[in-house]
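See structure below.
Remember, it's a predicted structure, so these values are computed and weren't measured experimentally.
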Amino acid sequence: MTTETMQVDGEQSAVPPTASAARWKWRSSEGGVLNAFSHVFLLVWALMVGVPLLWALWSSFKTSGDILTHPWSLPTEFHFDNWSRAWSKANIGQYFLNTAFVVGLSTFGTMLLGSMAAYVLARFEFPGNRFIYFLFVGGMAFPVVMVLVPLFFVSKNLGILNTLPGLVLIYIAYSLPFTVFFMTAFFRTLPTTVAEAALIDGASHTRTFFQIMLPMAKPGIISIGIFNVLGQWNQYLLPLVLNQGDTNHWVLTQGLADLAVQQGYQGDWGALFAGLSIAMLPVLAVYIVFQKQVQAGLTAGALK
C-alpha cells in the first residue's frame, strides 16, 4: 500500500491514502453544498425579480376586468389597444420622449465630463489632486433628499426650474460623483506605455485622451453608462420637485405616478400596465444588449 507525505514543522510525515481520500471527499462535498446553495439563492432571486416583471407585461394585454378578477392568469386574448391608449390618451408617449431626451443628454454629459475629470485625477499629479478626488467621493455621501431645497432655489435663481434643460444639468451634477469615482479607479488599471508613446510622437494630451485612452476605457464607460441610464431613467424625486410645471414637460416617472393616482378602483388598469411596460422595456433592452460589456467593465480592475 502506498502512502503520501506532507510537510509538518519542516519534516515530512507519511499520510495514509485513506486520510487523503477522506480530505478530498470532505472538500468536494463542502464545495457541492456551497454550489447548490448559491444556485438556489440565484433561482429565488431570479423569481423575485422576474415574476413581477412578467406579471406586469402580460397584464398589459388584459382587460381591466380580467386583471381584477383573474390577476395571475395568462391573457386569453391580447388587447394591444391598451398600449395605444397608454401612448396617446395617457400621454405616455410624450413622457417617454421627454425622458429619452433628458436621459440621453445627461448620460452623454455625465460620461464626457466624468471621464475627463477621472482621467486627469488618475494620471496626473498636481497640488490638490487628492482633495478634488475626495470632494467627488464625498458627493456620494449626501442623499438626494438633503439637497432638494438648495437645488430648488438655485434652479429658480438660474431660471432653469421646470425646464428639461435644467433637469439635464441637475442629472449630470447628481451622477458625476459616482462616475468620477468609478472611472478614476478604471483609468488607473490601464497601461501607461501606449499613452507615453503617443506623447513622445507629438500627440497632445487632448488627442491622447480621446483617440487612445478613451477607446481603451470602453468597457468601463459602458458599465458606468448603463448604471447612469438606469438611475436617471428611474429617477422620481428630482423631477417631482424640480419639474412641476407644464405636464407636457413631465418625464415617465411623473406620468406613471399621476396615471396610477387617477386609476381609483374603476380605472384603466390595462393602460396603466402598458405604460409600465413601455417604461421598463427600453432599459431591459439596453442592459441585454450591453451585458457582456458591463461584466467586462466591472471585472477589469480585478483581473489586472
Side-chain angles (χ1 to χ4, degrees), residues 38 42 45 49 102-147 151 168-200 203-235 237-238 283-284 286-304:
S38 62
L42 290 175
W45 181 261
V49 174
V102 171
V103 173
L105 288 182
S106 60
T107 302
F108 176 79
T110 301
M111 298 311 304
L112 177 63
L113 298 176
S115 59
M116 292 172 66
Y119 176 73
V120 172
L121 293 174
R123 294 290 181 172
F124 298 94
E125 293 293 337
F126 56 90
N129 179 298
R130 302 303 295 172
F131 176 74
I132 297 174
Y133 173 74
F134 284 118
L135 277 181
F136 280 109
V137 174
M140 298 188 299
F142 291 93
V144 67
V145 179
M146 294 181 59
V147 299
L151 271 178
V168 170
L169 294 177
I170 293 169
Y171 278 12
I172 291 175
Y174 174 74
S175 304
L176 267 179
F178 181 67
T179 302
V180 172
F181 171 75
F182 183 93
M183 291 303 300
T184 300
F186 191 88
F187 275 120
R188 287 172 179 165
T189 65
L190 298 180
T192 60
T193 53
V194 179
E196 292 172 353
L199 292 174
I200 293 174
S204 63
H205 289 292
T206 302
R207 184 176 179 182
T208 301
F209 171 72
F210 282 104
Q211 293 188 357
I212 297 177
M213 301 306 297
L214 204 59
M216 292 174 62
K218 182 180 177 181
I221 291 175
I222 292 178
S223 299
I224 194 63
I226 294 297
F227 283 111
N228 284 330
V229 168
L230 292 174
Q232 295 173 8
W233 188 274
N234 296 322
Q235 183 60 244
L237 195 56
L238 286 175
V283 179
L284 291 176
V286 169
Y287 180 78
I288 291 173
V289 171
F290 294 105
Q291 60 177 335
K292 292 184 178 179
Q293 289 84 348
V294 172
Q295 295 172 0
L298 292 177
T299 58
L303 296 177
K304 290 185 179 293

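Shown here are the side-chain hydrogen bond (donor to acceptor under 3.5 Å, both in side chains) partners of T107, two or more places apart in sequence or in another chain: Q232. Take Q211 and apply the side-chain hydrogen bond (donor to acceptor under 3.5 Å, both in side chains) test, not counting sequence neighbours, and it matches R207. Every residue two or more places apart in sequence or in another chain that forms a side chain to side chain contact (heavy atoms under 4.5 Å, CB included) with T193 is listed here: P191. Here V144 pairs with V147, L148, Y174, L237, L238 under the side chain to side chain contact (heavy atoms under 4.5 Å, CB included) rule; sequence neighbours left out. Contacts of F142 classified as ring-ring contact (aromatic ring centres under 6.0 Å, His included), with partners at least two apart in sequence or in another chain: none. Looking at residues two or more places apart in sequence or on another chain, you find a side chain to side chain contact (heavy atoms under 4.5 Å, CB included) between A198 and A203, T208, I212. Residues meeting the ring-ring contact (aromatic ring centres under 6.0 Å, His included) test with Y171, sequence neighbours left out: none. The side-chain hydrogen bond (donor to acceptor under 3.5 Å, both in side chains) search around R188 returns none, not counting sequence neighbours. Scanning for side chain to side chain contact (heavy atoms under 4.5 Å, CB included) contacts around N129 gives L121, F126, with sequence neighbours left out.
When each of I226, L230, I224 is paired with N228, the side-chain contact (heavy atoms from CB on, under 4.5 Å) condition holds for I224 and for no other.
Under the side chain to side chain donor-acceptor pair (under 3.5 Å) criterion, no residue pair touches residues 116-126, with sequence neighbours excluded.
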Please tabulate, one pair per line, all N/O donor-acceptor pairs under 3.5 Å involving side-chain atoms of residues 110-118, not counting sequence neighbours.
{"unit_1": "T110", "atom_1": "OG1", "unit_2": "S106", "atom_2": "O", "d": "2.6"}
{"unit_1": "S115", "atom_1": "OG", "unit_2": "M111", "atom_2": "O", "d": "2.6"}
{"unit_1": "S115", "atom_1": "OG", "unit_2": "L112", "atom_2": "O", "d": "3.1"}

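Note that CZ of F131 is 11.5 Å distant from CZ of F136, once rounded to the nearest 0.5 Å. The CZ atom of F187 lies 9.5 Å from the CE atom of M216; values are rounded to the nearest 0.5 Å.
The shortest non-hydrogen separation linking I221 to L214 is CD1-CD1, 3.4 Å. The two atoms that bring A217 and M183 nearest to each other are CB-CE, 4.2 Å, heavy atoms only.
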Query - Step-by-step side-chain contact (heavy atoms from CB on, under 4.5 Å) determination, F182 to S223 - result: CA-CA 10 Å; F182 183 93; S223 299; 4.3 Å; yes
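Open room surrounds CZ on F181; 12 or fewer heavy atoms of other groups in view lie less than 6.0 Å from it.
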